[in-house]
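Only this structure's heavy atoms are used, side chains among them; waters, hydrogens and symmetry mates stay out. Counting starts at 1 for both ligands and their atoms, following the listed order.
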Amino acid sequence: MFDNLSDKLDKALHVLKGHGSITEVNVAETLKEVRRALLDADVNFKTAKEFTNTVKEKALGQNVLTTLQPGQLMVKLVKDELTQLMGGETAGINLSGAPSIILMSGLQGSGKTTFSGKLANYLKNKKTKKPLLVACDIYRPAAINQLHVVGDQIGVEVYSEPENKNPVAIAQNAIAHAKQNGHNVVIVDTAGRLAIDEAMMNEIAEVHQAIKPHETLFVVDAMTGQDAVNTAKAFNDRLNFDGVVLTKLDGDTRGGAAISIKSVVDKPIKFIGTGEKMDAIDVFHPARMADRILG
Ligand code: GDP
């Protein structure tokens with residue numbers, strides 16, 4: 001994961017890691033390299049600039065150069081700041097409802113349906129949860145089938161109404177069905193389009209308004225780099241979602257989306273997808289991710 005970024009940051013920090021004493025010039029050069037590594041990883045310019053400026057200010061504030069192990073302290077400052085940039089703390093999802101309603105949003109191909117299944121499986125394994133998956137894609141019958149396949153695979157019921165062309169009604173009927181059948185979590189998988197368009201945004205906004213989810217998650221393909229961040233912004237402007245799911249982190253991604261998304265939309269990454277299988281889901285831990293990136 002993020003091998004290229006890790007290599008570049010390792011090289012950038014190498015000088016600091018090796019020296020007992022370092023100079024202002026070492027620090028400045030290192031931070032320049034760090035910024036370049038972030039930009040190469042598709043972190044947006046403003047985020048990368050703010051990142052290195054903050055590390056620099058903290059280094060000055062702590063009089064890093066006069067400490068015993070200035071290099072180690074600088075590396076720690078970079079790691080801490082990277083953790084903060086990715087949200088600081090781990091953010092959970094709101095499961096307080098009876099049932100808890102979770103709405104999935106995102107573009108087609110982002111991994112929404114796969115993630116809906118993974119989340120249902122993850123919650124089901126917690127024993128106290130009995131999820132219901134809901135197919136709300138009224139355009140692609142294949143999408144409804146795909147959710148049924150996923151549901152069968154993990155032993156979770158899937159609610160669908162293939163003849164109904166009203167996603168709001170389907171979602172509402174599904175919630176009523178959940179209440180009658182003892183499901184305490186309802187995961188609504190919505191239609192995705194290949195690009196953001198007004199009709200799609202209106203449709204999901206209507207579903208959102210009608211079912212008032214406890215948790216709205218935005219699913220995005222990490223491989224799409226800067227586009228991931230732009231798409232997140234567009235969805236957040238309409239839905240004011242609660243959290244991000246970053247999928248396909250098992251692929252050859254550069255890392256920019258993971259690093260920039262929180263600072264751009266001010267919403268935490270809550271889960272990551274690391275494969276096509278139903279158990280390839282992880283809670284997102286900013287500090288652990290920073291550790292992985294910095295090695
Ligand atoms: P949707 O259109 O947003 O519902 O996207 P899908 O769930 O159908 O996923 C699109 C493709 O991405 C499928 O081939 C999935 O198997 C694949 N996919 C989803 N999540 C992941 C992931 O975390 N890693 C990898 N490698 N592939 C994924």
N/O separation below 3.5 Å, G275 to ligand 1: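 N/O-N/O distance below 3.5 Å exists for this pair.
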
N or O contact, D250 vs ligand 1, cut-off under 3.5 Å: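 Yes, at least one N or O pair falls under 3.5 Å.
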
Is the closest basic N to carboxylate O distance between [X] and [Y] below 4.0 Å?
X: E50; Y: R35; answer: no
X: K118; Y: D279; answer: no
X: R288; Y: D291; answer: no

D189-T113 side chain donor-acceptor pair, cut-off 3.5 Å: yes

Modelled atom types, side-chain donor and acceptor of N181 and K130, under 3.5 Å: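 Judged by distance alone, the side chains do not pair up.
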
More than 12 heavy atoms of other groups within 6.0 Å of K56 NZ: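 Check fails, neighbour count at 12 or below.
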
Over 12 non-hydrogen atoms of neighbours within 6.0 angstrom of CD in E24: no

Proximity of [X] to ligand 1 by residue part, where a heavy atom lies under 4.0 Å:
X: M223; answer: neither
X: V219; answer: neither
X: L249; answer: neither
X: T113; answer: both

Could you find the nearest protein heavy atom to [atom] and give me its residue, atom name and distance?
atom: atom 5 (O) of ligand 1; value: G111 N, 3.0 Å
atom: atom 18 (N) of ligand 1; value: K248 CE, 3.8 Å
atom: atom 3 (O) of ligand 1; value: K112 N, 2.8 Å
atom: atom 10 (C) of ligand 1; value: G109 O, 3.7 Å
atom: atom 27 (N) of ligand 1; value: E276 CG, 3.3 Å
atom: atom 7 (O) of ligand 1; value: T114 OG1, 2.6 Å

S110 near ligand 1 by a heavy-atom separation under 4.0 Å: yes

Proximity flag A280 to ligand 1, non-hydrogen atoms under 4.0 Å: no

Geometric class of the F271/Y122 ring pair [parallel <30°, tilted 30-60°, perpendicular >60°]: perpendicular

Residue [X] vicinity, atoms of ligand 1 by number, heavy atom under 4.0 Å:
X: G273; value: 23 (O)
X: Q146; value: 6 (P), 7 (O), 8 (O)
X: Q108; value: 2 (O)
X: L107; value: 3 (O)

Distance, nearest 0.5 Å, that separates NE2 of H285 from CD of E89: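 Atom-to-atom, H285:NE2 and E89:CD are 11.5 Å apart.
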
Approximate separation, where rounding is to 0.5 Å, of L39 CG and K49 NZ: 11.0 Å

Shortest non-hydrogen contact between S96 and S100, atoms and distance: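 Residues S96 and S100, closest heavy atoms: N-OG, 3.8 Å.
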
